[in-house]
Each structure stands twice: as C-alpha cells, then as structure tokens.
Number of protein chains: 2
Amino acid sequence: MKKKADVIERCDCVMIHEDTIERVRKNMPPEETLYDLAELFKVFGDSTRVRILWALDESEMCVCDIAALLNTTQSAVSHQLRYLKQAKLVKNRREGKTVYYSLADEHVKQIFDQGLDHILEDGK
Amino acid sequence: MKKKADVIERCDCVMIHEDTIERVRKNMPPEETLYDLAELFKVFGDSTRVRILWALDESEMCVCDIAALLNTTQSAVSHQLRYLKQAKLVKNRREGKTVYYSLADEHVKQIFDQGLDHILEDGK
DNA sequence: TGAACACATGAGCAACTATTCATATGTTCG
DNA sequence: CGAACATATGAATAGTTGCTCATGTGTTCA
C-alpha cells in the first residue's frame, strides 16, 4: 500500500496534473542524457573557457599565446585546456617545445551563436 | 620604457606569435559580451535546470508538477525557477493559488539540440 | 649532458552554488 | 476572518570549482 507515496516521494504537495506529468515524462530524454547535456554546458559556463574557445575558433594557438591574449597565467590556461580536452572540445598537436591547440568540434561556434541570439534579442 | 612588459603582464613566457595574438584580439567580441555568454551557459550547466527547461519545452507546468516530475522538493524547484526567470528563460502566470511556468525563449530547444549533437556525435 | 624553455599537474585555498530547513507571502473558500 | 494550500524566500551548509604556487615532464640546443 501507499503506492502513490512511493511515486510522489519528495513532492510535498498534492498532485494537480497527473496527466501532464505523465505525458511530459514520456517525452523526456533519459536522465543520463540530460545530465551529460548539463555537463557539456558547464564547460561553456566560464568566461575564461569561453574566451579560449572563441580565440581558438579564430586561430590555432599555443598555450603561451592564449595566456598572453587573455592576460592570465600559463598555468590557469593549461588547466582549462585540459578540461576542454576532456570535454572533447579542443585537440592539440606538439611541434617541438610548443603545443598548439585548436577546436575539435564544429558545433562550438553554432552554440555560441545561439547563445548570442538570446543575449542580444531581449536587450539584456 | 618596459612597454612590452605592460602588455604581457601575467604571461610568464616569451611572446611567440605576436601577429597571431593581435589578429585574434581584433576579431574577439568585447570582454563583456563573452562574460554574458558564459553567464547564460552557466544557467544550462546544471542538470536540475536542464530538466526543468526540457519539461517546460514539452508543456507549461506548475511548480508542484515540476517537483513531482523531477522527484525533488518544491523549494529546490522554486529557487531554480527564480534563477531561470532572472535569466529570462522562463515566464510565469498566476491562476488562483497555482503559478504556471513556461519557456520565455524560443532558442532553448535549439541550444539543447546543438549540445546533443556534440554529445551524440563522438560517442561520448 | 645540462641549461633553458613550453607546458602539465598536484595541492591548497577562496569563492561560488545547489540544496535543505524553516518560515513568509499570496490566494481560495467556508 | 481563519484554515488550507501553492509558492517564494532567507539562512545555513556541504559540495564544487577556478585560480595560484610549486614542481614535474618533455623538448631543444649548445
């Protein structure tokens, strides 16, 4: 018994639109997909990383160049580049002592553009 | 004198590709725009908010419904909805005691789709 | 081989954030 | 009005994160 309680669990109010909830639930992607999606956007949710990605969209660059461009430290950039590489958004190649980074994904600019649309549209 | 040092500032290595840096710098949007862009993506960078937005893309819903659907508390949802409203991604209307939330921006689904492209493409 | 340089990385810390808990606000209805 | 209910919100907290500092790794060149 108390099956309803099992379903509702942590919602502390009466179910109002059970039909809506069920319908929406059926159309939702699996939990894991939405989690991965949030993880991806988390990568874009830091201005240092956004600036790095934007810079790399303009040109392949080495770590030192990026640090100089963004006026930050080599270490900070390197840490973020590792993060971006894990997210498969950048790739790199070594040429002597220098390591050149570039974008690994052609969606980056498109994602930026969608975001800019939102920012510019409502004047905020 | 020491003009170069003023430009380089925090970069602890020798400038290798000054021409590249200057060229990229010229094509970068203003710092503030990139900051706002990161702030926007930060909103998408949490799975609770992603799930709320996805749900609202399917249907207008009240706070209680969303909490039940996501199996979380009314309070947590309410806090996130306020955040989403500040980001101008959702809007609401009151009908008696109930407050219905819906998407305020038609880019949300497009941004999600771009993100999904990235996730699904490289098998990760 | 060893100094110099570009880059990577681990530890530590300060700042931020998402949730919980308690309580306040706003609405309906008897 | 006052009880009941849906929602909002402030404070506190546990977890996360981005940077710094120190140091390690990999490469070149004399």
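Chain letters run A, B, ... following the sequence lines, proteins first and then strands; every chain starts at 1. Just so it is clear, the model here is predicted, and its values are computed rather than measured.
Put simply, the side chain of B:His17 reaches to within 4.5 Å of the side chain of B:Asp19, judged on heavy atoms. The side-chain heavy atoms of B:Leu37 and A:Trp54, taken from C-beta on, include a pair separated by under 4.5 Å.
Whole-Å rounding puts the B:Tyr83 OH to D:dG10 C1' distance at 18 Å. Note: CZ (B:Arg93) to P (D:dA8) measures 14 Å, nearest angstrom. Regarding B:Leu84, its CG atom lies at a distance of 10 Å from the P atom of C:dA18, rounded to whole Å. Atom P of nucleotide C:dA8 and atom NZ of A:Lys85 are separated by 8 Å, given to the nearest angstrom. Atoms CD (B:Glu39) and C1' (D:dG18) sit 14 Å apart, rounded to a whole Å. Here C:dT17 presents its P atom at 17 Å from CZ of B:Phe41, a figure rounded to the nearest Å. Between A:Phe44 atom CZ and D:dG18 atom P the separation is 14 Å, expressed in whole Å. The distance from atom CG of B:Asn92 to atom P of C:dT25 is 19 Å, rounded to the nearest whole Å.
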If the sugar-phosphate is the primed atoms plus P, OP1 and OP2 and the base is the rest, what is the B/S/- string for nucleotides 25-30 of chain D, using protein heavy atoms under 4.0 Å? -BBS--
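In this structure a side-chain-to-backbone donor-acceptor pair under 3.5 Å is missing from A:Arg51 to A:Leu69. Judged by distance alone, with hydrogens and angles left aside, the side-chain atoms of A:His118 form no donor-acceptor pair with the main-chain N or O of A:Asp113 at under 3.5 Å. Without hydrogens or angle criteria, B:Arg49 side chain to B:Lys42 main chain gives a donor-acceptor distance under 3.5 Å.
Two rings, from A:Phe112 and A:Phe44, have their centers less than 6.0 Å apart.
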Between B:Val99 and B:Arg93, is a side-chain contact (heavy atoms from CB on, under 4.5 Å) present by the stated rule, with each step listed? CA-CA 6 Å; B:Val99 177; B:Arg93 67 181 177 88; over 6 Å; no
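The neighbour count for B:Glu106 CD, taken as heavy atoms of other residues, nucleotides or ligands under 6.0 Å away, is above 12.
The stretch residues 47-59 of chain B comes close to DNA chain C through B:Thr48, B:Arg49, each having a heavy atom under 4.0 Å from the strand.
When each of B:Tyr100 and A:Gly45 is assigned the nucleotide of DNA chain D with its nearest heavy atom, B:Tyr100 is the one assigned upstream, toward the 5' end.
In the hydrophobic clustering of ILVMFWY residues, with side-chain heavy atoms under 4.5 Å counting as a link, B:Val90 and B:Tyr100 come out apart. Cluster membership check: B:Leu81 shares its hydrophobic cluster with B:Tyr83, using side-chain heavy-atom separations under 4.5 Å among Ile, Leu, Val, Met, Phe, Trp and Tyr.
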Do any N or O atoms of the protein come closer than 3.5 Å to N or O atoms of nucleotides 9-16 of chain C, and which pairs are they?
| residue | atom | partner | partner atom | Å |
| --- | --- | --- | --- | --- |
| C:dT9 | O4 | A:Ser75 | OG | 2.7 |
| C:dG10 | O6 | A:His79 | NE2 | 2.8 |

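Residues A:Gln114 and B:Gln114 bring no donor and acceptor atom of their side chains to less than 3.5 Å of each other.
Checking C:dC7, D:dA8, D:dT7 against the side-chain heavy atoms of B:Tyr101 singles out D:dA8 as nearest. Distances were taken from every side-chain heavy atom of A:Gln80 (C-beta onward) to each of C:dC7, C:dA18, D:dG18; the shortest belongs to D:dG18.
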